[in-house]
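Sequence lines set the chain letters: A, B, ... in the order given, protein chains first and strands last, and positions in each chain run from 1.
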Protein chains: 2
Amino acid sequence: MSEELFLSALREWIEISMHRSRHAFIRNIRESDLSFSQINTLFRLYHHGSSPVNDLANHLGITTAAVSQLLEPLHQSGLIQRSESPNDRRVKLIALTDAGQALVNRSVQNRHAWLSELSEVLTQEEKEQLLPAIILLTERIHQLDVEAHPPCDSD
Amino acid sequence: MSEELFLSALREWIEISMHRSRHAFIRNIRESDLSFSQINTLFRLYHHGSSPVNDLANHLGITTAAVSQLLEPLHQSGLIQRSESPNDRRVKLIALTDAGQALVNRSVQNRHAWLSELSEVLTQEEKEQLLPAIILLTERIHQLDVEAHPPCDSD
DNA sequence: TATTATAGTTAAGCCCGTTTAACTATTAAG
DNA sequence: CTTAATAGTTAAACGGGCTTAACTATAATA
């Protein structure tokens, strides 16, 4: 099996999955009174944990001024909290509150609701074969994060 | 194995994958001179084939007036083409041109570039085990589309 | 200590994506 | 044939997300 074959199969699967989740994602944005950048901020915090305003701005590709402004309503709604970094008192660490975490969780469930349909067209035997493959892939993605940010060299 | 276990494993894998692709997606939008809705329009056409303006508006959650306006620059850039529906001359079918298709292809490659890194932390043996699982999942997603829009009952 | 750099906030102003409303063209219904 | 409904386009106006610029506070440097 060629490397390119494996990659293109993986790419096709992910692209189709993302497309399926896209419609729910768009509806989620329009129905909530949150902007594209605000939603992305919540998801960034969900996956990366607490982050400085700086990092969020870099991730979103906008200025820190814009981030500071979009954070304010999120704070008012009780979705995020700010805390000073113990190392550098200039830095404000932004983190999800429990309510924020719950909101993202609901959004994730919503986006991927179509997975239930997918599950229905799979036999029990197929699912048991697929499960270890999915778990392996998920583990190895986490491994990528560890290699990129080794725990020994604190950044 | 419980149904919920399988679903949550699948959901975690997809959510993490989508998050990994998200950063490239955001950069893609900011660097191109296309709006969020324009990008989504191109991807919608990429996956669904030619669509009436009506459908696009419904998918994006905006009015047909807005769609009509965002299509104009895409048409000027040669990314899409309009054609009259043979059944109903009021309907304009929007489709990607070859240039539009190429642009989306490049964008997809870009978004999922991190898959190469994932591939590097997998052994050849693991990849050979994973490939049929990925292909099975992809096939079954397509099956969902067929069931939702059976070819016999033309819609 | 004095100077420079960095992190974040605030306010003013701009840009552009969207809505509303008015219009044309085509199809469906009475 | 007449009327009503649907698909799409166009232009004016609105609103919100972003940038720029000015500012405060903390940290690093000389």
B:R111 NZ/CZ over B:F43 ring centroid, <6.0 Å and within 45° of normal: yes
Determine whether B:K127 and A:E3 make a side-chain contact, defined as any pair of heavy atoms from C-beta on separated by less than 4.5 Å. yes
Can you check the A:L70 CG to C:dG8 P distance for me, whole Å? 13 Å
From CD1 of A:I26 over to C1' of C:dT18, roughly how many Å is that when rounded to an integer? 15 Å
Distance in angstrom units between A:N58 CG and C:dG8 C1', rounded: 16 Å
Using whole Å, what does the distance between atom P of nucleotide C:dC15 and atom CG of B:D33 come to? 16 Å
Quick one: do B:E15 and B:R11 make a salt bridge, cutoff under 4.0 Å? no
Between P of D:dC18 and CD of A:E72, the distance in whole Å: 16 Å
Tell me: CG of B:L60 to P of C:dG17, nearest whole Å? 13 Å
Expressed as a whole number of angstroms, how long is the span from A:R30:CZ to D:dG16:C1'? 13 Å
Where along nucleotides 19-30 of chain D does protein come under 4.0 Å, by heavy atom, of base (B) or sugar-phosphate alone (S), with - for untouched nucleotides? BBB----BS---
side-chain hydrogen bond (donor to acceptor under 3.5 Å, both in side chains), that's the test. Do A:E72 and A:Q76 meet it? Break it down for me. CA-CA 6 Å; A:E72 190 49 29; A:Q76 299 259 339; 3.0 Å; yes
Under 4.0 Å from OP1 or OP2 of D:dG8: is there any side-chain N or O of B:R82 that close? no
Who are the salt bridge (Lys or Arg N to Asp or Glu O under 4.0 Å) partners of B:E84, not counting sequence neighbours? B:R89
B:F36 and A:F36 aromatic ring geometry - parallel, tilted or perpendicular at 30°/60° bounds: tilted
Strand contacts (DNA chain C) in residues 34-41 of chain B, 4.0 angstrom heavy-atom criterion: B:S35, B:S37
Could you tell me whether the side chain of B:S85 and the main chain of B:N87 form a donor-acceptor pair under 3.5 Å? yes
Aromatic plane relationship, A:H59 with A:H48 - under 30° parallel, 30 to 60° tilted, over 60° perpendicular: tilted
Does B:E4 CD have over 12 foreign heavy atoms under 6.0 Å away? yes
What is the distance, rounded to the nearest whole Å, between atom CG of B:L56 and atom C1' of C:dT18? 16 Å
